[in-house]
Amino acid sequence: RMTMIDLRIGNCINLALELEDESIDCTVTSPPYNKRGVGGGLFRKIEYQDFDDTLPEDEYQEQQIELLDILFDKTRAGGSLFYNHKVRYDKGGASSPWQWLTKTKWNIREEIIWNRGSGPEISGYRFIQTDERIFWLCKGSKHPRLPRRSANWTSVWKFGPEMKNPHPAPYPIQLPARCLQAVMEKPGVVLDPYSGSGTTGLVASLLGHDYIGFDLSEEYHQMALKRFREPSKSDLKKFQDETGVAATSDSDVFSLADS
């Protein structure tokens, strides 16, 4: 089966509104964390090419709620959305995704802990933050029954971050692979509204799904297209080791004009 990869350039909220209602089976994504310029030193500072990651926190959360509610309408009944984020600490306070996820239309099926095994806090002012979160959101009370292999991963996933990717904040192949294998038994349509270097799309296509990816950056889309057309031996090995599936794909890759 030839899979379709459709990359669209533009604002993810505007592009999401253009999707047909109930056309998406599963979304796997990780939005920019609105770190407001925090970072640097021994660890690279997260700076996106075309995205403002320094919004007032209330505005950021309102944007996330708006996007998630649009994606709810565009997702088929019983479909899933996996949302990778983290708790952020700043000036004696903290911001958690729970603050806005409970205000969306989605049912929160489960919170998964991603143990990255390493983290950027080396000052000694806090215990080193090695965890992020993956929220499994479902549309409606109906939800997929997990294969035994997926359920056995438990609610704490341990694998390291992606270190050999020029994108400023990629997640590793293992993350979308576990999500998609857990809830998609048949070929379907996968979305990532923050497509970046295309990790979700690469995994989706290798598993036989169609993929739609949004990003503001033409450079990131070109990075993803090259990755889809010429997957590295490292990417293919990570995919096969994680999924147990032979890494072969037959994809029709194209990119739409700016939106």
Side-chain angles (χ1 to χ4, degrees), residues 3-34 51-52 55 57-85 96-112 133-146 171 175-176 179-196 198-201 203-205 207 209-216 221 224 254-259:
T3 60
M4 178 272 294
I5 296 174
D6 180 359
L7 301 182
R8 307 182 186 187
I9 300 170
N11 177 281
C12 61
I13 290 177
N14 296 337
L15 293 174
L17 286 168
E18 296 174 1
L19 296 170
E20 291 184 20
D21 288 350
E22 301 190 345
S23 61
I24 303 299
D25 293 290
C26 184
T27 295
V28 184
T29 196
S30 181
Y33 290 173
N34 200 42
F51 186 86
D52 181 8
L55 295 174
E57 183 62 22
D58 58 347
E59 183 179 339
Y60 173 77
Q61 293 190 18
E62 287 169 6
Q63 285 187 5
Q64 290 300 298
I65 293 167
E66 181 180 6
L67 174 63
L68 290 166
D69 280 349
I70 294 169
L71 296 183
F72 180 91
D73 295 337
K74 305 304 180 180
T75 301
R76 294 190 175 101
S80 295
L81 187 153
F82 290 90
Y83 186 76
N84 171 220
H85 214 293
S96 166
W98 283 101
Q99 293 172 243
W100 61 92
L101 291 178
T102 54
K103 299 176 183 177
T104 71
K105 300 177 181 179
W106 292 89
N107 284 348
I108 302 176
R109 180 66 184 163
E110 191 166 14
E111 179 185 27
I112 299 162
R133 301 292 192 271
I134 304 162
F135 293 89
W136 177 19
L137 311 179
C138 292
K139 181 170 181 175
S141 57
K142 182 182 178 182
H143 53 81
R145 182 170 182 175
L146 302 180
Y171 50 43
L175 193 154
C179 297
L180 294 178
Q181 279 198 307
V183 300
M184 296 190 67
E185 293 183 88
K186 300 177 182 178
V189 180
V190 174
L191 172 71
D192 187 344
Y194 299 99
S195 182
T199 303
T200 302
V203 171
S205 65
L207 288 172
H209 306 300
D210 293 333
Y211 175 69
I212 301 172
F214 304 156
D215 210 282
L216 285 170
H221 269 340
F254 64 95
S255 179
L256 297 186
D258 295 5
S259 298

Item to check | Nearest atoms (heavy-atom pairs only) where L15 meets R8 | outcome: CD1-O, 3.7 Å
Next on the checklist: A side-chain contact here means heavy atoms from C-beta on lying under 4.5 Å apart; do M184 and L207 qualify?
Outcome noted: no
Checklist entry - When rounded to the nearest 0.5 angstrom, what distance separates CD in Q64 from CD in E59? => result 11.5 Å
Next on the checklist: Evaluate L191 against V189 for side chain to side chain contact (heavy atoms under 4.5 Å, CB included), listing each step before the verdict.
Outcome noted: CA-CA 7 Å; L191 172 71; V189 180; 5.9 Å; no
Checklist entry - What's the shortest heavy-atom distance between K139 and F72, and which atoms? => result NZ-O, 2.8 Å
Next on the checklist: How close do P193 and L71 get, counting heavy atoms only, and between which atoms?
Outcome noted: CG-CD1, 4.0 Å
Next on the checklist: Which heavy atom of Y60 sits nearest to which heavy atom of P31, and what is that distance?
Outcome noted: OH-CG, 4.0 Å
Checklist outcome for this item: Smallest heavy-atom separation, T199 atom then P176 atom, equals CG2-CG, 4.0 Å
Checklist outcome for this item: Taken in chain and number order and not counting sequence neighbours, the residues that satisfy salt bridge (Lys or Arg N to Asp or Glu O under 4.0 Å) with E110 are none
Checklist entry - Where the side chain of H85 meets the backbone of Y33, is there a donor-acceptor pair that is under 3.5 Å apart? => result no
Next on the checklist: Around atom CD of E185, are there more than 12 heavy atoms from other residues, nucleotides or ligands closer than 6.0 Å?
Outcome noted: no
Next on the checklist: Just to verify, what does K105 make a salt bridge (Lys or Arg N to Asp or Glu O under 4.0 Å) with, not counting sequence neighbours?
Outcome noted: D73
Checklist entry - About how many Å separate CH2 of W106 and CG of D69, when rounded to the nearest 0.5 Å? => result 9.5 Å
Item to check | Distance (rounded to the nearest 0.5 Å) between I70 CD1 and I65 CD1 | outcome: 12.0 Å
Next on the checklist: Would you compute the distance between atom CG of L81 and atom CG of N107 and round it to the nearest 0.5 angstrom?
Outcome noted: 12.5 Å
Checklist entry - With a 4.5 Å limit on heavy-atom distance, are the side chains of L7 and D215 in contact? => result no
Item to check | Backbone N/O of S96 and side chain of Q99: donor-acceptor pair under 3.5 Å | outcome: yes
Checklist entry - For F214 and C12, what are the C-alpha separation, side-chain angles and deciding distance, and is it a side chain to side chain contact (heavy atoms under 4.5 Å, CB included)? => result CA-CA 6 Å; F214 304 156; C12 61; 4.2 Å; yes
Checklist entry - Are the side chain of N34 and the backbone N or O of L55 linked by a donor-acceptor pair below 3.5 Å? => result yes
Next on the checklist: Could you tell me if the side chain of I212 sits less than 4.5 Å from the side chain of L19, heavy atoms only?
Outcome noted: yes
Item to check | side chain to side chain contact (heavy atoms under 4.5 Å, CB included) evaluation trace for T27 with L137 | outcome: CA-CA 10 Å; T27 295; L137 311 179; over 6 Å; no
Item to check | Residues that R109 engages under salt bridge (Lys or Arg N to Asp or Glu O under 4.0 Å), provided they are two or more places apart | outcome: none
Next on the checklist: Within this structure, what is the OG-CD1 distance for the pair S30 and I134, rounded to the nearest 0.5 Å?
Outcome noted: 9.0 Å
Checklist entry - Cut-off 3.5 Å, side chains only: do Y171 and T200 have a donor facing an acceptor? => result yes
Item to check | Derivation of the side chain to side chain contact (heavy atoms under 4.5 Å, CB included) call for C26 and F82 | outcome: CA-CA 8 Å; C26 184; F82 290 90; 3.9 Å; yes
Checklist outcome for this item: Rounded to the nearest 0.5 Å, the OG atom of S195 sits from the NE2 atom of H221 at a distance of 6.0 Å
Checklist entry - Any side-chain donor paired with an acceptor under 3.5 Å for D192 and T29? => result yes
Item to check | Any N84 side-chain heavy atom under 4.5 Å of R133 side chain | outcome: no
Checklist entry - Using the ring of each side chain (for Trp, its six-membered ring), is Y83 parallel, tilted or perpendicular to W100, with breaks at 30° and 60°? => result perpendicular
Checklist outcome for this item: Heavy-atom nearest pair, P144 first then G78, reads CD-O, 3.8 Å
